[in-house]
Amino acid sequence: MKYNEYKNLDYAKVGEDILAYWKANNIFEKSVETREGHKPFVFYEGPPSANGTPGIHHVMARAVKDIFCRYKTLKGFQVNRKGGWDTHGLPIELQVEKELGITKEDIGKKISIEEYNARCRETVMRFKGQWDDLTERMGYWVDLDNPYITFDNEYIESVWHLLKKLYDKGYLYKGYTIQPFSPAAGTGLSSHELNQPGTYKMVKDTTIVAQFKVKHNKKSEFLFKNQNNEQQATANENLYFLAWTTTPWTLPANTALAVGKNIKYVKVHTFNQYTFEPITVILAKDLVKRYFSEKAANLNLEDYKSGDKLIPFQLLEEYSGKDLEGVEYEQLLPYVQPDKPAFRVVIGDFVTTEDGTGIVHIAPTFGGDDFKVAAQNDIPALMVVDEWGKMSPIVDRTGKFVKEITDFAGMYVKNYTGEDETVAGYKSTDVLISIKLKEENKAFKVERYEHTYPHCWRTDKPVLYYPLDSWFIRTTAVKERLIELNKTINWKPESTGTGRFGNWLENLVDWNLSRSRYWGTPLPIWRTEDGAEEICVGSVKELYHEIEKSIAAGFMTSNPLAKAVDNADESATAGIVHTVLEFAGNFSLSNSGSDETAAGKTTVDYKAFDLHRPYVDNIVLVSPSGLAMHRESDLIDVWFDSGAMPYAQWHYPFENQDTFEKNFPADFIAEGVDQTRGWFFTLHAIAVMLEDSVAFKNVMANGLVLDKNGNKMSKRLGNAVDPFETIQKYGPDATRWYMISNAPPWDNLKFNTDGVVEVQRRFFGTLHNTYSFFALYANLDNFTFSEAEVPLANRTESDRWIISKLNSLVSAVDASYADYDPTKATRAIQDFVTDDLSNWYVRLNRKRFWKGEYNTDKIAAYQTLYTCLETIAILAAPVAPFYMDQLFQDLNKVSGRNKVASVHLADFPKANKGAINVDLEERMQLAQTISSLVHSLRKKETIKVRQPLSRILIPILNENTKAQIEAVADLIKSEVNVKNIEYIDDTSGILVKKIKPNFKRLGQVFGPRLKQVAAAIQGMNQEEIAVLERENGFEIPLGDDTVIITPEDVEIMSEDIPGWLVASEGKLTVALDITLTEALKQEGIARDLVNRIQNLRKDSGLDVQDKIKISLQNNHKEVNEAVKAYEQYIREETQATGVLLTELLADGTTLEIDEFTLGAKLEVV
RNA sequence: GGGCUUGUAGCUCAGGUGGUUAGAGCGCUACACUGAUAAUGUAGAGGUCCCUGGUUCGAGUCCAGGCAGGCCCA
């Protein structure tokens, strides 16, 4: 059995080959099965939606999930990973509408709900194939065969069960609120949806400061009087409140104005800039300067002429907001009349003087604050009766003004039709309203204003705030508990948990559950028309029985669930094809229904019906008092679907009660940080409300994947990275390794394929080279790790060193994974492989592998390198699952040391603390530093490493350092090619010492006087340093005072050796003796000869083990002598049986060694 | 406007509890080495540690205020 040797490494092919191996040998399944009975590590998969193609960020998110599941498996836990699909929701509806060329309005008209939902069901899994493919190729291990699917009846039934539980606890209620509404999508939006990335955009809107004319009556009399300025009374009939709005289209719905109770307002006499008419206006005192120019402060009102740019003004009276309360004004745009008294000033605590005028225009139908303050003050909203006889706002659900708003009837309040706004003459509805107000002397100021405004995350069109009826979950009731339990969750990064998520909990509002849509989980609440009686249905069986009652009461004629519930057992065994809703089962990917039925665990046949609309809508139930109850037409927020997955993935509580209990809460979940208020919240909320428990103990919120310039990836901009292409080109391992090692997952990643290439080269390339080196020689020597392990004590210094380093690495990597910090783990592994293993251990020990006989030393070398490679394979397997499995198997197949078929079935190595030797690691560091210093000296003198030198000198200030260097002296000597290391100490008398203050120590002792002390120390001469060392103390005069410093207060090092070539780093100084003796020169020539002959061997295509005969031309005396002196050495190095010096070589090659040129010839023997 | 987060070499990133000469890899330049060879070593160039104040004997690090990017929300 031989170790596999590879000509070229094809990373993508490794991925494919290993994937095939996993499939053929069920490695994933085994990785779960072999841990049966072990402690479980519970992981929840946040379900993706398969209606779009996966992107590179999904590789990131899924790599993170995979890494910790694999790590925990290696650590001996059983990690079940049930996949899942999020199948409901707006994106799917919109996609279907786009494909069918319809809008929400057409549903029920051009297309039936039944057909519409059938299309949704088809569409939602359209890219499932691509998703599964990516999941496999990137090496994300998750159970794709038995995923939970949110549209399955079983799933919906579990969700219903949870809703009923909430209902029974009094957490569900119906309310009427102003909500974000997307006319373009025809639906209300949840706060989660409004929290999608990119919904808030900078827009330039036309804003109006409108003039609301004060009614002159008893209540307002005081406003028309001037206490300070009698002669101005004439203009006072034109008295206006100024109110600013960024949404002029809401002005026709105005029914009140709000002021701040304690805000100061002033009355100002001036002129309207559009009509030039004299006016008197009221606005907040703080904001006067915003509307009136300083330059006009001294102008006389009498001098004003129409059209003057500078408009004079005069401050008249001052009022507090409280004074203004109750003052009435004339309706600004009298299209529709309210049914109760309106148009007066109210107090609002939300009014500020930050912007606008300090007076806020109130349109109760189009703003949350507006709605609240109007209700508190009994101010009506402006409503009209729509075509169905229902009360509705003056803007309809498509975003158009109703016919009652005559001047603007039928106009869209925002650009919902995609009109080109850049064409000349384009006027938005807001602009048209402005023009009208200007003409009527009702506009004080109209200007374009840039601000952020929320947009629908699917249609990119602006959102309106709009009154909607909704069902809510009273999350505020458990707010404190949500906060408390959140503190027990380990967030990665912590700031997301305390900051983003914590603050969100602090400002929690009730969860708006309602969606007026079609494709989703229906709200299982039936109500009488007057809303007095209602029922929340919590299971299919319960619904069945309620229907039976309804039939008895005469509201229904047949029970659509009859077949499913009555004939359950029969249908399951007889294989009846269900006709109630044929398609329901056809697209179902779940196979749990029929299996479980056959097993007799439930009596419901879940393929015989459909809990979606419109079927549930057709069910009419009977109330306790005998009235008809219809289903509340809403669907529930899809986030509830995904937040319910801990339960619903198991069809709990109808099946798998045990399984659920064993798998709750999760040990670990991970998703993008954008899910903070989405999935993370809904999981948490449901778990706290129902279980008084967290839903997850550890959570990783990973950051965004941006393009290499830090911009968001988007298909539209064309900067999106195709994950399939990346994996195909660079392989899954390099892609994953790059993503994880480059930056912590919670930071945003600037994805640059150059980085992937670098990882490939630097890490995988080096590791592979190291393996190839091992395989080449191990195969020649037939090393199969069959010998007993050579005891550490019998191995070389460098063996023990790399083993020590390896064990330190195991500890570090284990700790990093356990702390959910994969980046630290990968960086540690990478540094070990490139720096310690490859660049130092292998480089220094090469000769042990290819030279000499197969003895204990050689075996020790093989064992050491093997152990390093095998350990690395396991440590790195969670991140690079394919390559590391190949490496592991390549090693293991020959040695058979592990009885497992894959690295993923192995056990995570345990660090052997006894093998870690800090002293050893320290002195190897010394060796590396000294070598590096000598190399740099050689370079300075341009003496090549092949030229042996006699000695280096190292000044030694303490015995410990000397002993440390002694232990690695051989390594240094061979690495830098010198014969001897000599140490010089104090007694030599030639050391020049350097003294440096220990600032940390001195600072603590001397504080502000440190500067003087430090200066004195740096000024000490050799003599004084000697005194300090000898006496263990030295007096420094400090002004009138004298202080004593000790050797601990300073750092003393040798700086220079007079007359020598030195280099130093930190405390270490090295001197190099560059005197060349004849012998050294000869040896240098011999080494050069070896080098040239080795090259010749290689060029001639000789095999490593071929023996040769060498003939050399004897035309240089120096060379001849070197050959004679070092013949033995030359023969050994070049595997030559003999070296012959001859006069003439007819057919040799020419060798050049410095100034020598000679002929040479090799013959294989 | 608020919350969170990031800002260190051309690029990607390290820099416990403050300590005086701020590091690594990549890239660039030069040189060397060569039975791991499309590998490797050594050296060099390259820094306003985002800015401004403050605390301190001493600030990349702590504090305050800004600026810029990102995410999330009003």
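Chain letters run A, B, ... following the sequence lines, proteins first, then strands; residues in each count from 1. No hydrogens, no waters, no symmetry mates; every other heavy atom, side chains included, goes into these values.
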Qualifying salt bridge (charged side-chain N to carboxylate O under 4.0 Å, His left out) pairs with a residue from residues 746-762 of chain A, counting only residues at least two apart or across chains: A:R762-A:D835

Sugar-phosphate only, base, or nothing, as touched by A:Y777 at under 4.0 Å among non-hydrogen atoms: sugar-phosphate

A:D754 CG - B:C11 P separation (whole Å): 13 Å

Residues that A:R848 engages under salt bridge (Lys or Arg N to Asp or Glu O under 4.0 Å), provided they are two or more places apart: A:D799, A:D857

Sugar-phosphate only, base, or nothing, as touched by A:N839 at under 4.0 Å among non-hydrogen atoms: sugar-phosphate

Provide a list of protein-nucleic acid N or O atom pairs under 3.5 angstrom, restricted to nucleotides 4-7 of chain B.
none

Qualifying residues under salt bridge (Lys or Arg N to Asp or Glu O under 4.0 Å), relative to A:R500, sequence neighbours excluded: none

Euclidean distance, atom CG of residue A:L1072 to atom P of B:U42 [Å, nearest integer]: 16 Å

Under-4.0 Å side-chain N/O to phosphate OP1/OP2 contact, A:N742 with B:C13: yes

Whole angstrom value for the distance that separates P of B:A32 from CD of A:E975: 18 Å

Paired nucleotide for B:G60 [Watson-Crick or G-U wobble; both distances under 3.5 Å]: none

Protein proximity profile, nucleotides 21-26 of chain B - base contact B, sugar-phosphate-only contact S, no contact -, cut-off 4.0 Å on heavy atoms: B---SS

Residue-phosphate contact under 4.0 Å: A:K750 side-chain N/O, B:U12 OP1/OP2: yes

Counterpart residues, side-chain hydrogen bond (donor to acceptor under 3.5 Å, both in side chains), relative to A:N977 (two or more places apart): A:R1087

